[in-house]
Amino acid sequence: MKIAVASDNGMVAEHFGHCQGFSIFEIQNNQIVESETIPNPGHKPGFLPNFLNDLGVKVIISGGMGGGAIQIFNEKGIEVITGANGLSKVAAELYSQGKLKTTGSVCQEHQHQGECGGH
C-alpha cells in the first residue's frame, strides 16, 4: 500500500495543496519498505488528487485540506487523514499501525497563511 504525506522539510504540511512535496511510503506488513519524496507539481483545483491516484496512492495524510480535494480523493477510494502533524515518516508509521485517525479538519479558505494545521 502506498501512503502519501503532504510534507514541508520532512514534516507534515499544514495545508495539502501548498506543501513543498509529497513523501511517498510503501507499506508492507505495517512496515515502511520503501520511501521517496516528490516535489509538488503545482496547486490547481482537482489536479493533485488525480496525480497522486495515478501514482497508486491509497492514503493521503496532511494537516489540513480543502473540501474539494477531499471529495475527489473519496471518489477515487483514497482515504484522507487530516489534522496530522510532526514528522512525515512518523505519521505514515502511525497510520500503518492503526494509530493515526483523521480529525476531519477541512480548510475553508484558500487565502489562509499557516493556519490550517491548527484546527
Side-chain angles (χ1 to χ4, degrees):
M1 172 176 54
K2 282 189 180 179
I3 298 173
V5 182
S7 301
D8 290 328
N9 297 317
M11 304 293 286
V12 177
E14 288 187 8
H15 186 75
F16 162 76
H18 300 285
C19 67
Q20 288 177 347
F22 297 95
S23 298
I24 310 287
F25 299 97
E26 180 77 34
I27 306 291
Q28 291 179 1
N29 300 320
N30 299 335
Q31 299 288 319
I32 294 172
V33 294
E34 200 173 312
S35 67
E36 67 176 314
T37 301
I38 56 172
N40 183 341
H43 182 45
K44 301 180 284 262
F47 175 76
L48 290 173
N50 291 305
F51 173 77
L52 293 171
N53 181 61
D54 291 346
L55 293 176
V57 167
K58 297 299 178 199
V59 179
I60 177 70
I61 299 172
S62 183
M65 184 181 301
I70 292 171
Q71 182 178 353
I72 295 168
F73 279 124
N74 289 337
E75 289 169 2
K76 299 200 171 295
I78 297 172
E79 185 177 359
V80 175
I81 304 291
T82 57
N85 57 40
L87 291 169
S88 299
K89 182 178 181 184
V90 171
E93 289 170 340
L94 289 172
Y95 175 84
S96 73
Q97 298 164 6
K99 297 178 181 174
L100 183 66
K101 304 292 182 206
T102 188
T103 64
S105 48
V106 177
C107 299
Q108 300 298 326
E109 310 215 0
H110 259 103
Q111 305 326 54
H112 57 73
Q113 288 296 323
E115 56 211 46
C116 276
H119 301 286

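- Under the side chain to side chain contact (heavy atoms under 4.5 Å, CB included) criterion, Lys58 pairs with Met1, sequence neighbours left out.
- The minimum heavy-atom distance between Ile60 and Ala6, with the atom names listed, is CD1-N, 4.3 Å.
- A 4.5 Å side-chain heavy-atom check between Lys76 and Asn50 finds at least one atom pair inside the cut-off.
- Under a 3.5 Å cut-off, the side chain of Ser7 and the backbone N or O of Val5 do form a donor-acceptor pair.
- A distance of 4.5 Å separates OG of Ser96 from CD1 of Ile27, quoted to the nearest 0.5 Å.
- Within the structure, every pair that satisfies the ring pair (Phe, Tyr, Trp, His ring centres under 6.0 Å) test and touches residues 46-71, not counting sequence neighbours, is listed here: Phe47-Phe51.
- Following chains of ILVMFWY side-chain contacts shorter than 4.5 Å, one can reach Leu87 starting from Ile3, so the two form part of one hydrophobic cluster.
- Heavy atoms of other residues, nucleotides or ligands lying less than 6.0 angstrom from CD of Glu75 number more than 12.
- To the nearest 0.5 Å, atom CD1 of residue Ile38 and atom CD1 of residue Ile24 are 4.5 Å apart.
- Side chain of Asn74 to main chain of Ile70: a donor-acceptor pair is present (N/O by atom type, distance under 3.5 Å, no hydrogens or angles).
- Distance alone, capped at 3.5 Å, places no donor-acceptor pair between the Thr82 side chain and the Met65 backbone.
- Residue Phe73 holds its CZ atom at 5.0 Å from CG of Leu52, rounded to the nearest 0.5 Å.
- Distance check, rounded to the nearest 0.5 Å: OG1 of Thr37 to CG of Asn9 gives 10.5 Å.
- Looking at Val80 and Ile61, their side chains never come closer than 4.5 Å, going by heavy atoms from C-beta outward.
- In this structure, Phe25 CZ and Glu93 CD are separated by 8.0 Å, a value rounded to the nearest 0.5 Å.
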